[in-house]
Amino acid sequence: MADKPPENDPRSQHADGGASAVPPGQDHSAPQGEEGGGSKGAAKKLLAVVAVLAGVLSAMLVVFGLPAVNGGPHHVPVGVVGPQAAADGLSKQLDQRRPDGWEVTSYPDADALAEAIHDRDVMGGFAVGGETLTVYTASAAGNPSAAAINGIGDALAEQQGVETSPKNVVPFPEDDPNGAGLTAAALPMIIGGVLPAVAMVRLFPGHGGLRLRLSGAVLFALAAGFALAAIVQFGFGSVDGTYWTTALGLSLGMAALTLPFLGLESLFGFAGLGAGIVVMMFVGNSLSGLATGAHWLPDGWATLGQLMPPGASGSLLRANGFFDGTGAGGPVAVLAAWAVVGLLLILFADRRRSRRVTKEEDQAVPA
């Protein structure tokens, strides 16, 4: 029988430096348990990701769906030619159809009613003359409201036994009678605020690139605004206002998106930029009222939508493109405020970064 090798014989030691091979009876399940624990951790992570993604998708449906589900006339101003008693009677009839859906104002004649539509005091109205009920609308102010006013006119004419005569006071251009190009401009305006913010911060970082970032943001806003205005007006034929006014309005809308995005990215990195994109894409876009007009959204939602850049940009585009700038003051103030806030965020982030660099340099200098 061969002699038993000594305990310190290298041949008896394990490759990893242990005294011997795995002792007899040792359980080999430890590595499998570790693998099983890793699998359980991965499964939990997978379930968490699935739950978060499902939640995000559900939130998207809620944000986009609720305005559509709850859409309808909400305090839509309309006019009627005749005494105040006629306006009160019509208001009662409309309240029976939809409470708080319509606000009726009386006008002395049809010309005064048409002027009020041009001045954006009302969205449309009704005038009885002989055997005809003339129904005044402004489809460029919002297709759904115009369609609803026409429907009310048909019902009133049937009650009174007269014929209806529709008159679209401010229509969309013939090349785009439904205003599809106007609606299509919403998403490019938001995306146009994201792209330059990312590009400027990455290409011109730090305090030294501050002026280049700001100059680039302003130049992009001007270039994009004039380009989009040219496409919407001359390419699609969706608006017929003064090109320069429309282009400047779109440029202001671009600046009101680009500068805040730049500020959020400068302060919080891509997390801040991502949060801004989500808010503008889902909340601002869905509540902009660009396709329907603000009166077709519930009151609180309409107000919130008009206080955000997508809604204000859409209202400014509608005012400049169809109503010779009437009603542009409010959107201009909102967009200018967003641009100023974005500029202040950029300057604050740059100043904070400079202070941090100075502090680090002072700490690095030996006493």
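Here, residue 1 is the first one in the sequence, and each next residue gets the next number. All values reported here derive from a predicted model rather than from experimental measurement.
- In this structure, NZ on Lys167 lies 10.5 Å from OG1 on Thr137, to the nearest 0.5 angstrom.
- Here CZ of Arg120 is found 10.0 Å from CZ of Phe322. Values are rounded to the nearest 0.5 Å.
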List, one per line, each side-chain donor-acceptor pair under 3.5 Å for residues 261-284, sequence neighbours excluded.
residue : atom : partner : partner atom : Å
Glu265  : OE2  : Arg202  : NH2          : 3.3
Ser266  : OG   : Leu262  : O            : 2.7

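- For the residue pair Thr326 and Asp119, no side-chain donor N or O sits within less than 3.5 Å of a side-chain acceptor on the partner.
- Under the 30°/60° scheme for interplanar angles, the aromatic rings of Phe234 and Tyr243 are found to be tilted.
- Scored by the side chain to side chain contact (heavy atoms under 4.5 Å, CB included) test, Thr132 finds Thr134, Ser165 as partners (sequence neighbours excluded).
- Around the CG atom of Asp109, the shell of radius 6.0 Å holds more than 12 heavy atoms that belong to other residues, nucleotides or ligands.
- Val49 belongs to a hydrophobic cluster with Leu53, counting contacts under 4.5 Å between side-chain heavy atoms of Ile, Leu, Val, Met, Phe, Trp and Tyr, direct or through other members.
- Cluster partners of Val340, using a side-chain heavy-atom cutoff of under 4.5 Å among ILVMFWY residues and allowing indirect links, are Leu344.
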Give the table of side-chain donor-acceptor pairs shorter than 3.5 Å for residues 287-297, with sequence neighbours excluded, one pair per line with atom names and distance.
residue : atom : partner : partner atom : Å
Ser288  : OG   : Asn285  : O            : 2.9
Ser288  : OG   : Leu290  : N            : 3.4

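- With a 6.0 Å radius and a threshold of 12 heavy atoms from other residues, nucleotides or ligands, Glu174 has its CD atom at or below the threshold.
- Applying the side chain to side chain contact (heavy atoms under 4.5 Å, CB included) rule to Leu347 yields the partners Leu210, Leu343; only residues at least two apart in sequence or on another chain are considered.
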Tell me, with the steps shown, if Asn168 and Ser139 meet side-chain hydrogen bond (donor to acceptor under 3.5 Å, both in side chains). CA-CA 7 Å; Asn168 198 346; Ser139 61; 2.9 Å; yes
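- For the side-chain hydrogen bond (donor to acceptor under 3.5 Å, both in side chains) test, residues two or more places apart in sequence or in another chain that qualify with Ser315 are Gln306.
- Put simply, the side chain of Asn178 does not reach to within 4.5 Å of the side chain of Phe172, judged on heavy atoms.
- With rounding to the nearest 0.5 angstrom, the CG atom of Leu307 is 10.5 Å from the CG atom of Leu335.
- Residues Arg318 and Leu182 are in side-chain contact: their nearest non-hydrogen atoms beyond the backbone lie under 4.5 Å apart.
- Under the 4.5 Å side-chain criterion, counting only non-hydrogen atoms from C-beta, Leu212 is not in contact with Met200.
- Counting heavy-atom neighbours within 6.0 Å of Glu158 CD, excluding the residue itself, gives a total of 12 or less.
- How far CE of Met189 is from CG of Leu257: 8.0 Å, rounded to the nearest 0.5 Å.
- Checked against side-chain hydrogen bond (donor to acceptor under 3.5 Å, both in side chains), Ser238 has the following partners two or more places apart in sequence or in another chain: Asp176.
- Partners of Phe204 by ring pair (Phe, Tyr, Trp, His ring centres under 6.0 Å), not counting sequence neighbours: none found.
- Between Leu113 atom CG and Phe126 atom CZ the span is 9.5 Å, to the nearest 0.5 Å.
- Val81 is not listed as a side-chain neighbour of Val128, based on a closest heavy-atom distance of 4.5 Å or more.
- Contact check for Ile346 versus Leu214: side-chain heavy atoms found under the 4.5 Å cut-off.
- We find the CD1-OG1 distance between Ile152 and Thr164 to be 13.5 Å, quoted to the nearest 0.5 Å.
- The side chain to side chain contact (heavy atoms under 4.5 Å, CB included) check on Glu163 picks up nothing, with sequence neighbours excluded.
- For Leu219, the side chain to side chain contact (heavy atoms under 4.5 Å, CB included) criterion is met by no residue, not counting sequence neighbours.
- You'll find the side chain of Thr105 reaches within 4.5 Å of the side chain of Tyr107, heavy atoms only.
- No side-chain heavy atom of Gln233 sits less than 4.5 Å from a side-chain heavy atom of Asp240.
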Which donor-acceptor pairs under 3.5 Å do side chains of residues 84-101 form with protein atoms, sequence neighbours excluded?
residue : atom : partner : partner atom : Å
Gln84   : OE1  : Ser106  : OG           : 3.0
Gln84   : NE2  : Asp88   : OD1          : 3.0
Arg98   : NE   : Pro73   : O            : 3.1

